[in-house]
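We number each residue from 1, following the sequence as shown. Values reported hereafter were calculated over all heavy atoms of this structure, with side chains retained and with hydrogens, waters and symmetry mates removed.
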Amino acid sequence: MGKMVPNLFISLAIIIVLSLFLVYSPNSFKVIPKQGRNSVQSLHVHQENLPKTHIVVENCDLFTGHWIPELRGSFYTNSSCTSIPDSKNCFKNGRKDMDFLNWRWKPEECDLPRFDAKAFLEMVRGKKIAFIGDSVARNHIESLLCLLSTFEMLQEETPMDMYKDSEDRFRKWYFPRHDFTLMKLWTKFLIEGEERMINGTGSSTFDLQLDKVENSWAEFLPELDYAIISDGHWFFRVMYLHQGNNLTGCVYCHEPNVTEHDISFVVRMAFRTAFDYINACKNCTGLVTLVRTFAPAHFENGFWNTGGYCNRTSPLSEAETDLGSSDWKMRNIQVEESERARENGEKEGKKFGVVDVTRAMLMRPDGHPGSHWDNKWMKGYNDCVHWCMPGPVDYWNDFLMAVMRKESGLAS
């Protein structure tokens, strides 16, 4: 009898431990070694090993949800990914809090599969993808490269850096083992835009051609399998709007006899012109165009040039976010124009989809570099537009992979 009591306690202890593991582990069927934050192996998850409830359900809304605690942290660190730009390397630049990494996006009615580098590279084998947009689009592709580095380190495949312009606006990488090409194509507005110069200095006033796409990105469309399009932050400027040879209006110009428009009008026209061009492209059959929706800035108590800052250390709840903001209106325009393009493009063999990050990122004012961006030319200003790496920006690629699987017919 004396021996049975300890055995009973041991059995109960084992049952309790297993129960806690099954309840609290996000992936209870895959044991992951508990190692330090710098261990890539401990952070790498294979989507094919996730429970069935974690696979994308086609009718599930991945983009409506909330952030929940996730102590597993990021898939990479600023040590394991050597390609993080200094401007987004927040820990290198003095950020001390790390709790902002310990949150996971949870859709209301399903789970969002975490990014799987191995599965992603298999999905894009033999394909070409371009991220088309401004510096926030560059932030997105930089995150993707870091996430892919978890696989590269294990498989000894490093992408070949094929091209880089002097301003790091146009880039091209090639993954030889997967015959995969990844490109960054810079554009401020998607459509043609030229800054007015005063004595050789930029004035931040632009002339936009509403009916012409910018050729610097459009010329690459025929060779692409996926175009990930985003833009938005450059539209908050004085703009003169042209169609053909005619001045048709402006934004923020406040001039007599010139029709004043708000930003939403220009954003709609820019995305519509870009999508109409894609649908009219004769050599772009099979192209999948995905819109990554507007990622909000989070300046508090001022703008970028008037002392605004972003020093929060945890997410907001949905109740604290403003779905009537200009950020949400920008997102709505992008979604509406994508849906219009999808309807028009079906007969042309074109596909359109949405990587809708806006709601999730409205809740993440804690994810920006703030003062931790080490910019030598703009000391004293805070960056509340771009995103720390690692950080919540990495979830954009969770969304991206899920949408790509759906558009490729791989979702289940």
Which pair of heavy atoms, one from [X] and one from [Y], lies closest together, and at what distance?
X    : Y    : answer
N102 : M98  : ND2-O, 3.9 Å
V251 : E260 : C-OE2, 3.6 Å
P315 : D366 : N-OD2, 3.6 Å
K127 : Y226 : CD-CE1, 3.9 Å
H261 : G249 : CD2-CA, 4.0 Å
S325 : L362 : OG-CD2, 4.4 Å

A side-chain contact here means heavy atoms from C-beta on lying under 4.5 Å apart; do [X] and [Y] qualify?
X    : Y    : answer
P392 : M361 : yes
I191 : Q209 : no
L101 : P390 : yes
L185 : F170 : yes
D61  : E109 : no
H386 : S135 : yes
W105 : L62  : no
D394 : S74  : yes

Quick check: does any side chain N or O of [X] sit under 3.5 Å from a backbone N or O of [Y], one acting as donor and the other as acceptor?
X    : Y    : value
N301 : Y309 : no
R125 : R177 : yes
K106 : C110 : yes
K350 : C281 : yes
S203 : I198 : no
T289 : A227 : no
D225 : K128 : yes
N382 : G308 : yes
R95  : C388 : no
S149 : C146 : yes

Spatial distance of atom [atom1] ([X]) from atom [atom2] ([Y]) [nearest 0.5 Å]:
X    : Y    : atom1 : atom2 : value
I132 : S230 : CD1   : OG    : 9.0 Å
L182 : R171 : CG    : CZ    : 10.0 Å
E122 : F180 : CD    : CZ    : 12.0 Å
H66  : R359 : NE2   : CZ    : 12.5 Å
E70  : W103 : CD    : CH2   : 11.5 Å
D356 : R292 : CG    : CZ    : 11.0 Å

Check your understanding: Are R104 and D111 close enough for a salt bridge, meaning some N to O gap below 4.0 Å?
Key -> yes
Practice item. Run the salt-bridge test on E214 and K188 with the 4.0 Å N-O cut-off and return the result as yes or no. Key: no
Check your understanding: Does the ring of Y395 carry R364 above it, NZ/CZ under 6.0 angstrom from centre and within 45° of its axis?
Key -> no
Check your understanding: Among N78, T77, N139, which residue meets the side-chain contact (heavy atoms from CB on, under 4.5 Å) test with M389?
Key -> N139
**Study point:** From L290, V357, I129, residue fulfilling side-chain contact (heavy atoms from CB on, under 4.5 Å) relative to L400
**Key:** L290
Could you tell me how the ring of [X] sits relative to the ring of [Y]: parallel (under 30°), tilted (30 to 60°) or perpendicular (over 60°)?
X    : Y    : value
H368 : H298 : tilted
Y252 : H254 : tilted
F189 : F235 : perpendicular

Under a plain distance cut-off of 3.5 Å, with no hydrogens placed, do [Y] and [X] share a side-chain donor-acceptor pair?
X    : Y    : value
N305 : Y381 : no
Y174 : D179 : yes
T321 : E318 : no
S264 : D262 : yes
Q334 : N332 : no
S143 : N397 : yes

Review point. Can F120 and L144 be said to form a side chain to side chain contact (heavy atoms under 4.5 Å, CB included), step by step?
Key: CA-CA 10 Å; F120 181 86; L144 177 60; 4.2 Å; yes
Point to revise | From CA spacing to verdict: side chain to side chain contact (heavy atoms under 4.5 Å, CB included), M269, Q243 | key: CA-CA 11 Å; M269 291 299 295; Q243 289 184 284; 4.1 Å; yes
So, [X] versus [Y], ring centres under 6.0 angstrom or not?
X    : Y    : result
W304 : F236 : no
F115 : F75  : no
H233 : F294 : yes
F63  : F399 : yes

Check your understanding: How far apart are the C-alpha atoms of R340 and D276, what are their side-chain angles, what is the distance that settles it, and do they pass the salt bridge (Lys or Arg N to Asp or Glu O under 4.0 Å) test?
Key -> CA-CA 10 Å; R340 175 184 176 273; D276 284 350; 3.0 Å; yes
Practice item. Check the pair R312 / E300 against salt bridge (Lys or Arg N to Asp or Glu O under 4.0 Å), numbers first and verdict last. Key: CA-CA 10 Å; R312 294 178 183 261; E300 295 186 48; 2.6 Å; yes
Exercise for review: Assess whether atom CD of E223 is packed by more than 12 heavy atoms of other residues, nucleotides or ligands within 6.0 Å.
Suggested key: yes
Point to revise | Criterion salt bridge (Lys or Arg N to Asp or Glu O under 4.0 Å) on E336 and R268, from CA distance to verdict | key: CA-CA 9 Å; E336 290 163 8; R268 187 178 298 278; 2.8 Å; yes
Practice item. Under the side chain to side chain contact (heavy atoms under 4.5 Å, CB included) rule, what do W186 and D134 come out as? Steps first, then yes or no, please. Key: CA-CA 6 Å; W186 168 270; D134 55 21; 4.2 Å; yes
Practice item. Test F271 against D231 for side chain to side chain contact (heavy atoms under 4.5 Å, CB included), laying out the working first. Key: CA-CA 9 Å; F271 276 84; D231 251 332; 4.3 Å; yes
